[in-house]
Amino acid sequence: MKKKTKTRDIFLKEKKQGELNFSINSDVFICSKCEKEFEKPWLLKKHLKVHHISNQMATNTILDKPQQAKLIVENTILDANAFDYLSDKDDSSSIGNEEDNIVDKENNIVNNFFDIEMNSNPVFNAFSDMFSSVAAADEVSMTDDDSEIPKEVFETIVTVNDSTSCYPFRNLQTMILFAFIDGDNDMISQQMLKKILLVMNLIIEIQQETPIGRTFKLPRLDTLLNYQARKKSKMPVFPSQRISVPGSNGNAFTHINLPSDHLRFLMANPKKSKLILSMPNRTPNQSICLEQGEKWRTHHLFQQPMHTVNGIDVWFGNIVYLKTNDCSIRFLIESFHMANKNIFVRGYLVRAILIVCYGIEVAVTNLRVEQISHVDTTPVERDHYYSISSSLTRLSPAHDFLLFGVHPMKKPMSLSVLPGNVDRDTVFYKVRIVSIILFTDSTSGNCSKQYNPFESWLVRCAALPFKDRNSIANIQFLSTIPKKDGENGMSLLPAIVDDFKKLEKGVKMFSAEDNEYILVVAPILWIEADTPCHLELCGLLGPATTFPCRRCYIELRRAKDFVKDLSYFRECHERRTQEHYVLANSSSGRDTEIPNALKIGMSTPANKISFRDHLTGRLLELQLFDPEKNTSVEILHTILLGVAKYMVIDLVKVMLKNDTATIARLSEFLTDYTQSTGLSRKFTQNLRHSDSFLGRDFKVLLQILPVILITEFSGNHELDLVIPCFVELGQLCSLVFVCQVTSDFDNYIIRIDNAVKHLIRALFDYNKGTKNELHKAYCTKSKVHYLTHLKEDIIRFGPALNYETEKGEQFNKHICKHLFHKNCQNTSRNVCLKFAKQIALQHVIDERFIKDNNKSLFYYTSFGGSRELKDNNDTGDIEDDTIQNNSFGTFVFRDDPISCPCIRLVSGSVVKFLSIVPRMDNDKNNNYAKAVITGEHSYVANINLICKLDLHIFCNPFYIVNLSKFGSYWFIPNNILFDK
């Protein structure tokens, strides 16, 4: 056995050029003070620090320059903000119960290791001390005028930082980073490496700018990982809740970040609190925000009961004087709302008939809030007020409740926050409405996505603009739970429902917008999910059942003898109402008789019409949840992964199964379409793999396949039956995939309804006309039927793109990433804790911590900007796009922005004018138009782009205007007149 060499501390051996520059000492290390032996250098370092070099920088070498080392430690300091978050004081004492604070015990074990190893590990300290030394040499005036880096910093690495001795590395820091990335089997992604390099540069910069006199020191690992369980931590803690859920093996425990806790953080955020608050918007005949939906405008929980006018809170039921010359007219307030970007008060005019007799008009009146003068504080007596219709009558129920009822949201302030001389019954909490969207979906804890299933819940604030609402920064995580032992996402419903029942009544929170405590009411607008999950939420059997619709009692069977006429698939059927859901939920066996379900005057047991006990009946306790109306038709799964997938697979694997020549030709045209400048995404998939296409693939394919089939494959007898299906589907998608309708909303609804009926008719004709035995009848598919209810949801909530689930499903990749890096022990707790820390950190960090030149990069890298959710909806939005060469679009002149938009072709710095050719019946039926170059032109500098268009196909002398491109079928007819 080789005898260990005893060395006194460590001495550096000179290396010649070309020799190995880095080595690891494996000798025995002896303390030069007491002759004690140590097998590890950091044990010697710890011994020196404790017994011989107290209050000085302990190293694993003899300190040749102790005064210099002392200065390096004491004079390198923290940033100019002077926060003492890097204090030497111990802040590791826990607060409360560890389970309540969700202390990560596994990380505590890691911390114990790092407390010993990292604080005394020579390589770690060499790296850490190197930065301190460099900063001290550059910024700190040394007492002995010696700014060289102390040699003891490098003795464990055995090098000096110059190009010759670091060969083949450029310098010492390059060697350390190479070792960090490729030194062992610990994996690190390019994304994480970018973040690490950015953070290192920022910390170095902060260290270099630290004023003399303050100590620069990095925090302990425990401070970063377990701050939420430390008494002295100043960081806010998001209170993740530990709850019990039923399972097949008894009750189990999981964790959840409740919606009300998310709202507390959001309301206290000065930047976000004003964005998530909103009133109903009653601007007529448009739908540019969710506040204009029928539910938001009509349901009582969404109505704003008070508003502050001239510094005074004006409430529901108040009678106010108006700024008019007629003092005999007052106004009884019902609610407040928006219209045409102004705030209006809704209520009834009150007219003085006699001295003590007043009449309240029955007709509703809307007035600008600026017309309110002041509140009439005269006591109201019932005998003095009447309702006016054609004559005086007793007070109507609505008027009576306004005058003498108590609004459920009107709650007096607590005595603790009121001055002593103020009457508690005269001061009330301000009320703010924050509408909520819930999302639930399944994901996987495995890369294969086939095993280890999980189900999760997310929440968003509905009042945010479309783009902000779909940003990763505004999607809040509630919980994830493994789907096993009888537990699933529905097991979380009791906790979620209990929280929303409180939010429906109002919860006191601090508002940064109002700078005081207010009452926050948070009703659910809708619940997003895929079709099977929606059925489970409604307590129904799966989509393959005989009565698969959650809206009506249509019977759909796949048997060949199930023959119905076209009107059966396009018309309405008996409604599955909320009363029916409540009746079915009244018995666990679902054997309650449901009256008038299948036929008027006939009762049917609930279990015979697909009702099933899914333990989701708790949702019916909410005032805002109606299973028939609040589970919106979701276009990603209904259209893209439903009808579109059926038709593409039918085209490739049924119609053209043995026609390889036609498939090859079709593939060539699809490949050629990748050159189109009208689409932001390109279709690059192989048609043979159509059964594994994702939603984003169908989004691109449906915009180009109809126009290709019409222009290049017309006359093909095998395709004549299926081409109309793609044409009608392309037209429907072009209408549906828009995020707002700025005008003529009533006409938009009519077009949506007609497009659905035309599509079902095309599918019906195809089912009836095809002789191919492999073909399946699509009209009997439940996803096709759900399209007949799409119009109702658009009226109730707004354009269907607002409740597409794609962004929620994209968020699953972040949940999966957390699941991959957990050890499957208490996964729900660990993931909840991680997201809770994100919320707390985002709440407290803002721009003041970073210089302006680094602000955007820091935020983009550190707070999810680099992993932003992708927008796969090619709706023609030009907000983030510049004008590209050889691209088509509609433009207006900059000096005349109200001019009629016209189609133009960008060619360098010139734009060529095109005019639309009057469409023939064939053009209308095939959903395209023709345009020709007129010879006129202008310059790019003189025009503004309004909407991108797709005119990729050129049939001399015509450019084909592809109206299947998302948004084109609605935009062009409403802005460019081309039909005479």
In terms of side-chain heavy atoms, does [X] have a donor or acceptor partner in [Y] at a distance below 3.5 Å?
X	Y	value
Ser273	Ser511	no
Thr480	Ser456	no
Glu528	Trp526	yes
Glu634	His637	yes

Task: Asp746: salt bridge (charged side-chain N to carboxylate O under 4.0 Å, His left out) partners, not counting sequence neighbours - done: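 So Asp746 forms no salt bridge (charged side-chain N to carboxylate O under 4.0 Å, His left out) with any residue.
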
For [X], does the [atom1] atom have more than 12 heavy-atom neighbours from other residues, nucleotides or ligands under 6.0 Å away?
X	atom1	answer
Lys682	NZ	yes
Lys502	NZ	no
Lys645	NZ	yes
Arg297	CZ	yes
Lys483	NZ	no
Lys272	NZ	yes
Arg612	CZ	no

Task: Carboxylate-amine/guanidinium contact Glu504 Lys501, below 4.0 Å - done: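 Result for this pair is no, no salt bridge flagged.
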
Open item on the list: For Tyr748 and Phe745, take the angle between the two ring planes, folded into 0 to 90°, and tell me which bin it lands in: parallel under 30, tilted 30 to 60, perpendicular over 60.
Closed with: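 The rings of Tyr748 and Phe745 lie parallel, inter-plane angle below 30°.
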
Open item on the list: With a 3.5 Å distance limit and no angle check, can you tell me whether Gln303 reaches the backbone of Trp296 through a side-chain donor-acceptor pair?
Closed with: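 Checking the backbone N and O of Trp296 against the side chain of Gln303, a donor-acceptor pair under 3.5 Å is found.
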
- [ ] Could you go through the side-chain hydrogen bond (donor to acceptor under 3.5 Å, both in side chains) check for Gln292 and Ser287 one step at a time?
- [x] CA-CA 6 Å; Gln292 293 176 321; Ser287 182; 4.6 Å; no

Identify each donor-acceptor pair in which a side-chain atom of residues 546-555 lies under 3.5 Å from a protein atom, sequence neighbours left out, and give them as a table.
| from | atom 1 | to | atom 2 | distance (Å) |
| --- | --- | --- | --- | --- |
| Arg550 | NE | Thr631 | O | 3.2 |
| Arg550 | NE | Thr631 | OG1 | 2.9 |
| Arg550 | NH1 | Tyr786 | OH | 3.3 |
| Arg550 | NH2 | His534 | ND1 | 3.2 |
| Arg550 | NH2 | Thr631 | O | 3.2 |
| Arg550 | NH2 | Ser632 | O | 3.3 |
| Arg551 | NE | Glu628 | O | 2.4 |
| Arg551 | NH1 | Glu792 | OE1 | 3.4 |
| Arg551 | NH2 | Thr631 | O | 3.1 |
| Arg551 | NH2 | Asp793 | OD1 | 2.8 |
| Arg551 | NH2 | Asp793 | OD2 | 2.8 |
| Tyr553 | OH | His580 | ND1 | 2.9 |
| Glu555 | OE2 | Arg557 | NE | 3.0 |

- [ ] Give a yes/no verdict on a cation-pi contact between Arg761 and Phe569, requiring under 6.0 Å between NZ or CZ and the six-membered ring centre and an angle within 45° of the axis.
- [x]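 The answer is no, since Arg761 fails at least one limit relative to Phe569.
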
